[in-house]
Amino acid sequence: MELDFEAPLGDMDARIAELERLNRKPDADFNSEIAALKRERDVRLSEIYETLTPWQTVQLARHPERPVFADYVERLCDEFLELHGDRCFGDDRALIGGFARFGGERIMLIGFEKGKTMDDKLKANFGMAGPDGYRKALRLMRLAEKYGLPVVSLIDTPAAYPGRDAEARGQAEAIARNLTAMAVLETPFVAVVTGEGGSGGALGAAVGDAVLMLSNAVYSVIPPEGCAAILWRDASKAPQAAESLKLTAPSLRDLGVIDEIIPEPPGGAHRFPEAAMDAVRDAVQRHLKRLRRMNVRRLVDKRFEKYAAIGKYDNRKYAQH
Amino acid sequence: MELDFEAPLGDMDARIAELERLNRKPDADFNSEIAALKRERDVRLSEIYETLTPWQTVQLARHPERPVFADYVERLCDEFLELHGDRCFGDDRALIGGFARFGGERIMLIGFEKGKTMDDKLKANFGMAGPDGYRKALRLMRLAEKYGLPVVSLIDTPAAYPGRDAEARGQAEAIARNLTAMAVLETPFVAVVTGEGGSGGALGAAVGDAVLMLSNAVYSVIPPEGCAAILWRDASKAPQAAESLKLTAPSLRDLGVIDEIIPEPPGGAHRFPEAAMDAVRDAVQRHLKRLRRMNVRRLVDKRFEKYAAIGKYDNRKYAQH
Amino acid sequence: MAWFRKTRRKKPAAEKEALWVVCPGCKAHIHKDKWDPGLNVCPECGFHDKLTCRQRIDLTADAGTFEEFDADIAAGDPLEFSDARGGYADKAAETAAKTGLKEAVLTGRCKLEGITVVLAVMDFRFLGGSLAGSTGEKILLASDHALRHKFPFIVFSASGGARMHEGIVSLMQMAKTCAGIARLHKARVPYLSVLTNPTFGGVSASYATVGDLNIAEPGALIGFAGRRVIEQTIKEKLPDDFQTAEYLLEHGFIDRIVHRRDLKPFLSQVLNYWSRS
Amino acid sequence: MAWFRKTRRKKPAAEKEALWVVCPGCKAHIHKDKWDPGLNVCPECGFHDKLTCRQRIDLTADAGTFEEFDADIAAGDPLEFSDARGGYADKAAETAAKTGLKEAVLTGRCKLEGITVVLAVMDFRFLGGSLAGSTGEKILLASDHALRHKFPFIVFSASGGARMHEGIVSLMQMAKTCAGIARLHKARVPYLSVLTNPTFGGVSASYATVGDLNIAEPGALIGFAGRRVIEQTIKEKLPDDFQTAEYLLEHGFIDRIVHRRDLKPFLSQVLNYWSRS
Ligand SMILES: [Zn+2]
Ligand SMILES: [Zn+2]
């Protein structure tokens, strides 16, 4: 899939491919032309990726070729032992998790699966979890606490599923219970927004000690289209809304919501998935190392302070826990 | 409803009623005959109730006029504030509970409701709870723990509901989770078998520090009819099975399963509901007073020892907790 | 009767309004003497109309006992947000001027039938009772006061959800307020959540549904996603009672539905069950 | 072909049995060389036939490492129970003589791929793997050993439920064994439950379903009430997959379904995630 703003790159890639085809003929020598064109393409790529608008970033964050949970498992985990079920009603396929080894570290890995093929996507409900998913995630977090494992959560969901059954079975309550539990979970917790951080649906598995974000991921209280429909009364004003919502990684870092931006290679994670995923691994490992050294009590206190500081009014102090 | 073995009483009551009717005529004087007949009736009543067979006791425990949960609330509670819902799926009507005042004591009261009218019975599923009921009960026990309230649980259920949806939503898991949670619940817990103690369905809300039992209640691993059908291959052998199962209060006390028998007046709780319920109140209050004095850690240790001792092989020691 | 009708039609609208209240629930015209403006409940159909936070406090606090917390905290503008109709800061200032409120929640301490409690009361008039940075901050500060002093904490919710003008800062208030609630749970301090019409999105999915008791007013609409969004998603009409307090009670998420006139005694009754030992 | 058929028919039954195993799942005749008697899984349909507790221990424990606990504990007779066919004590003694077991569970300590674990393995041959006083006692003593030494505890269940010949004493073993599990949970000692065919009643409603992980063998039937009881109650036929491990997985109660040949590596893999720090 080619995004609008990537079109010049596509043209250049096509010309490079054509020259490379011609170059295979005997006596042909387009080597210098090809090299020049490639340099030009790389410069253009960098230009485009250095000046992305928030709306373009939204499109990248949703890019169908961007690595999904299964890709991370495949590339980063030496072992992944999926655990099923919420011990209550079902086994959500949009929010999954299990024991994992992640560059030598034993962790509890949870995350949203969007799926790659249409079959996968349907099974995973396009990454939109229901209450069963949030309840399963909570069960796995508690298991992590018992087994002394840090939690790593990969966030990539458009939203919690807005369905009839999800409401009937307590979508709101399931997310709220997770938020309350994560706040005092006695084990290190690293969340990485790898794609779409879709509102409460994302936050319901993302109350981390460290919240990291890929450079082309987004994290927002509402999708820009929804925001535009309400505040501009025109869904096509999504680009303006995306601008206003400050949903890109640099803005979120400035707002104190995320702790670190994990840079994707110019061209993005959909073009260079392996490099992007490796960067995620390195960042997660670095933070796990740091968090594992902390005493659990202090860890939980620090987590409280982190969230208490967002939207803080002044220097009023909270009680020591 | 008149039970078989109560028939002689019925005849005598009819004769007394007839004489009383005649006695209302002018010049009639059957006072001494009536008094004699009443004495005779009371003697017969005592005889019958002193020599009940286990199978007769089963019939009494199931007697439709025996007080149900709502009657206990009405008579014993100065206040009852029912709390609804399992925060997961539904609000079971067979297993209910809430804040209560019980002779001056603030408690969390839970219990099985069988219902009195056919409408009530249907709503309450004849006292057979599903997973939602057990999950709600657990939620209320945890609330009791948080609020510093002892739990009082009134047990009167034929069984956990053997239904398709109950299985699909984890009847077994819900009961098992309760057993595991009650074992370490940090608040005093008094269970009273007031009618039918139906197997795992009853135990799922009955792991008490003190387990009391009305004298005509029964508590069994299987209904006698079921046991007879399996072991005698003949459900009509239920009286023999009832005998073998040792399901009456005196047997259960000898086996160390219950701590105290609460005597019903001769004639039983269906004939004298108020006296029976008042006896329950007195016994519960006495045990609450005793348990409240105990340090919570010791309480939980004692509870462990109590259940560990049932079916104990010899004097092998368990770990100090 | 024609004459009577004519006369009524001729009545100036203003005078008519003064005499009659139109119930937003059943559309009945209720004579103003029968409509208690402090309670705002229709005497015909029981519809619970919205209350301002001041009305709610008057109904809840013992007279003269309410001490407001953090009255100086006003809506910020962390994103310097503006939309088609201008800047959020201006909109918030305008709303503040119109309502006399600085934020969508009022917090404070009071007696409730003699028991000292901490209250947080949302007001739907302030940008739809939306949860934003300073809303969350006030709620956390209030829960923190409850925690320090072991006073029960009671929140009255009325909210369309997170305030999108504060973007991610608004979203994070869900985690922030829940962290405060988690501390109350751990410290065994009572937390009662009262859900009023409407309670949705970022508020229903945070502090509003994790009360020791979740209490709702009759007919209150409570849910995560809005009805229209769901109907668009599942391409189906939803039943009339969908997302009502009564529906949630049946599905196990609400402990009790309590009529507004009974709410104060109910709360005090519940708190009397709490032992500080 | 007639001749061949005739010949086969003429084969003495004993010889035929020795050569062929009839799969209880698909009814196929499997040549005995293809049927691994230690595994007892049909190579055609994957049906997992029952294992004796000794077979299970051979499959699970590292060779020569199993040390049995409480081998002297035998079924008691707390109720002095007798039914139409005689006394329970006699029946238990007879079963013991036939099976070489004293109870429906064997407990002990062993290495599992080098990790010391405590095992409790139920055996369906002993009165349907029923849970009775001394069954519960052995399980509690085993979990207690695990607790003292912080060894992971693994239970293999196979049971029709509580043993009615021990009446209420049997029922109370549900509470008793769960109390042991509760202590493991609190002490953060791993507890893994492996549910095998069948696991019902008093066992499914106690320790078998409260594992850190609930693991099931393929096709295992697991439930609270029996299928027939439910069909009689609801007056409906139940679907074929009702109460299978696969059905429970879908309904959220099972973490993983693991083929018997993969079970040992799976358990060791899980235990490797546990950190004792
Ligand atoms: Zn009305
Ligand atoms: Zn087969």
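Order of the sequence lines sets the chain letters (A, B, ...), proteins ahead of strands, with each chain counted from 1. This structure is a prediction, so every number in the text was calculated from the model and none was measured.
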When heavy-atom pairs shorter than 4.5 Å are enumerated against chain B, which of [options] gives the highest number?
| options | answer |
| --- | --- |
| D:V229, D:I73, D:N214, D:T233 | D:I73 |
| D:L140, D:T177, D:T135 | D:L140 |
| D:V210, D:D83, D:V203 | D:D83 |
| D:G167, D:A208, D:G223 | D:G167 |
| D:L141, D:L238, D:I222 | D:L141 |
| D:I234, D:I181, D:L171 | D:L171 |

Which atoms of [X] are under 4.5 Å from chain D, going by heavy atoms: the side chain, the backbone, both sets, or neither?
| X | result |
| --- | --- |
| B:R169 | backbone |
| B:S220 | backbone |
| B:L245 | both |
| B:I310 | both |
| B:Y219 | both |
| B:L231 | both |

For the side chain of D:K176 and the backbone of B:A308, is there at least one donor-acceptor N/O pair under 3.5 Å apart?
yes
* Spell out, as yes or no, whether a donor-acceptor pair under 3.5 Å connects the side chain of D:D144 to the backbone of B:A319. => yes
Which region of [X], side chain (C-beta onward) or backbone (N, CA, C, O), has a non-hydrogen atom less than 4.5 Å from a non-hydrogen atom of chain B, or is it both or neither?
| X | answer |
| --- | --- |
| D:H165 | side chain |
| D:A74 | backbone |
| D:F242 | side chain |
| D:E250 | neither |
| D:Y88 | neither |

To the closest 0.5 Å, what do you measure between [atom1] ([X]) and [atom2] ([Y])?
| X | Y | atom1 | atom2 | result |
| --- | --- | --- | --- | --- |
| B:R164 | D:R227 | CZ | CZ | 10.0 Å |
| B:E173 | D:S204 | CD | OG | 10.5 Å |
| B:N178 | D:S206 | CG | OG | 12.5 Å |
| D:M164 | B:I230 | CE | CD1 | 3.5 Å |
| B:Y307 | D:M172 | OH | CE | 6.0 Å |
| B:D254 | D:L79 | CG | CG | 11.0 Å |

Greatest number of non-hydrogen atom pairs under 4.5 angstrom with chain D, of B:D234, B:L255, B:L247, falls to B:L255
Of B:E167, B:K246, B:Q171, the largest count of non-hydrogen pairs under 4.5 angstrom with chain D goes to B:E167
Check the surroundings of atom CZ in D:R85: do more than 12 heavy atoms from other residues, nucleotides or ligands lie under 6.0 Å from it? yes
If you apply the rule salt bridge (Lys or Arg N to Asp or Glu O under 4.0 Å), what do you find for D:D70 with B:R316, and how did you get there?
CA-CA 10 Å; D:D70 306 310; B:R316 278 165 234 228; 2.2 Å; yes
